[in-house]
Structures are given as C-alpha cells and as structure tokens.
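The basis for the numbers below is simple: all heavy atoms, side chains too, and nothing from hydrogens, waters or symmetry mates. Quick caveat, the model's predicted, so the values are computed rather than measured.
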Amino acid sequence: MSEQPASAPVIVPAPTTGPLPHAVAAALKRDGAGLVAAVVQQFDTREVLMLGWMDDEALHRTMTSGRVTFYSRSRQEYWRKGDTSGHVQWVKSVALDCDGDALLIRVDQVGAACHTGTRTCFDGRDLEVETGEAL
C-alpha cells in the first residue's frame with residue numbers, strides 16, 4: 001500500500017480591506033475558514049492557558065480593546081473571554097509566529113481559563129509519553 005501525500009493546508013489570502021493594519025493582515029496565514037490559532041499564555045508565569053481561534057475581526061478587537069476576543073467555530077460568533085464567566089483575559093501582548101499561522105496572546109488571566117473551571121485547559125490532561133533529554 002503506497003503512502004498518500006499529506007494535503008497542503010488551505011491558505012486564505014488577506015482581504016484587500018479590513019480591520020487590521022495591512023502588514024498584519026498580509027502576514028497572517030489563515031485556514032480554510034479564515035481562522036488562525038491563538039495560543040493564550042499567562043504573561044508572568046508563562047503558563048499555557050488555552051487555545052482559541054481568531055479571524056481578522058477577533059484579532060482586531062483583541063489588539064484594540066485590551067480584552068481577548070475569539071471566534072467560536074461551533075457557534076459561529078464572536079465571544080469575549082470572561083463576559084459570562086467573569087474569568088477575564090487582560091491583554092499584555094500579541095505576537096505572530098514565524099510562519100504567520102499562529103498567534104501568541106500573553107494575558108493576565110482572572111480566574112479559570114478553561115470552561116471546565118480549571119486554571120488551564122491542559123490541567124490533569126497529561127498523556128503517557130516516552131520522554132527524552134538533551135545530551
């Protein structure tokens with residue numbers, strides 16, 4: 001049986017007009033739905049809190065409001081972290097990775113970051129793995 005080549009991700013081009021500065025919009029590599037993964041990290045402890053999704057509008061709102069806004073893939077609507085739970089994410093910085101396909105949002109998290117009530121979306125969810133170490 002021959003191995004099938006991996007399909008290349010669909011990259012959505014930057015809109016010609018939109019809410020983001022042109023340089024930022026041009027640098028983003030969006031998926032087929034126009035979204036970019038956003039890793040959220042506690043700014044002082046560097047604890048990884050969660051992963052969310054942003055389109056240009058969500059990123060614009062995050063960059064200009066001081067609060068993190070995501071785009072919900074399941075509900076197909078914007079949601080600002082903490083509006084219903086009170087577990088607000090105050091933006092400290094936003095960075096784009098070297099490939100333009102992921103964002104790092106550093107925040108000051110108030111309360112739990114996960115909808116399950118845990119501090120992070122990764123608490124208690126470790127998988128069994130073989131570990132390695134540098135020589």
* Counterpart residues, side-chain hydrogen bond (donor to acceptor under 3.5 Å, both in side chains), relative to Ser72 (two or more places apart) -> Ser74
* **Ring center gap for Trp53 and Tyr71 short of 6.0 angstrom** => no
Listing, residues 124-135 side-chain donor-acceptor contacts under 3.5 Å, not counting sequence neighbours, or none:
residue: Arg125; atom: NH1; partner: Cys121; partner atom: O; Å: 3.4
residue: Arg125; atom: NH1; partner: Asp123; partner atom: O; Å: 2.7
residue: Arg125; atom: NH2; partner: Thr116; partner atom: OG1; Å: 3.3

* **Pairwise side-chain hydrogen bond (donor to acceptor under 3.5 Å, both in side chains) hits with a residue in residues 85-103, at least two apart** => Gln89-Gln109
* Rounded distance [0.5 Å steps], OG1 in Thr120 versus CG in Leu51 -> 12.0 Å
* Less than 4.5 Å apart, any side-chain heavy atom of Thr62 and any of Met54? -> yes
* To do: Please name all residues satisfying ring pair (Phe, Tyr, Trp, His ring centres under 6.0 Å) with Phe43, sequence neighbours left out, ordered by chain then number.
  => none
* Decide side chain to side chain contact (heavy atoms under 4.5 Å, CB included) for Thr69 and Trp79; before the verdict, give the C-alpha distance in whole Å, the side-chain angles of both, and the deciding distance to 0.1 Å. => CA-CA 6 Å; Thr69 298; Trp79 60 280; over 6 Å; no
* To do: Decide whether Val94 and Met50 are clustered together by the hydrophobic rule: side chain heavy atoms of Ile, Leu, Val, Met, Phe, Trp, Tyr closer than 4.5 Å, transitively.
  => yes
* Asked: Should Val110 and Val107 be counted in the same cluster of Ile, Leu, Val, Met, Phe, Trp and Tyr side chains packed under 4.5 Å apart?
  -> no
* Which heavy atom of Asp56 sits nearest a heavy atom of Ala25, and at what distance? -> OD2-CB, 4.4 Å
* **Side-chain heavy-atom pair Val91, Arg67 within 4.5 angstrom cut-off** => no
* To do: Kindly state each residue pair satisfying salt bridge (Lys or Arg N to Asp or Glu O under 4.0 Å) with at least one member in residues 69-80, sequence neighbours excluded.
  => Arg75-Glu77, Arg80-Asp83
* Asked: Atom CG of Asp31 and atom CG of Asp55: how far apart are they, to the nearest 0.5 Å?
  -> 10.0 Å
* So how far is it from Lys81 NZ to Leu49 CG, rounded to the nearest 0.5 Å? -> 9.0 Å
* Hey, could you give me the CG/CG distance between Leu104 and Leu96, rounded to the nearest 0.5 Å? => 10.5 Å
* Test salt bridge (Lys or Arg N to Asp or Glu O under 4.0 Å) applied to Arg61 - qualifying residues, sequence neighbours left out -> Glu57
* To do: Would you please name every residue forming a side-chain hydrogen bond (donor to acceptor under 3.5 Å, both in side chains) with Gln76, sequence neighbours left out?
  => none
* Quick one: side-chain hydrogen bond (donor to acceptor under 3.5 Å, both in side chains) pairs with a partner in residues 37-47, sequence neighbours left out? -> Gln41-Arg106, Gln42-Asp44, Gln42-Asp108, Gln42-Arg119, Glu47-Arg119
* Asked: Between Met63 and Phe70, is there a shared hydrophobic cluster once you connect ILVMFWY residues whose side-chain heavy atoms come closer than 4.5 Å?
  -> yes
* **From CA spacing to verdict: side chain to side chain contact (heavy atoms under 4.5 Å, CB included), Leu59, Val24** => CA-CA 10 Å; Leu59 178 55; Val24 174; 4.2 Å; yes
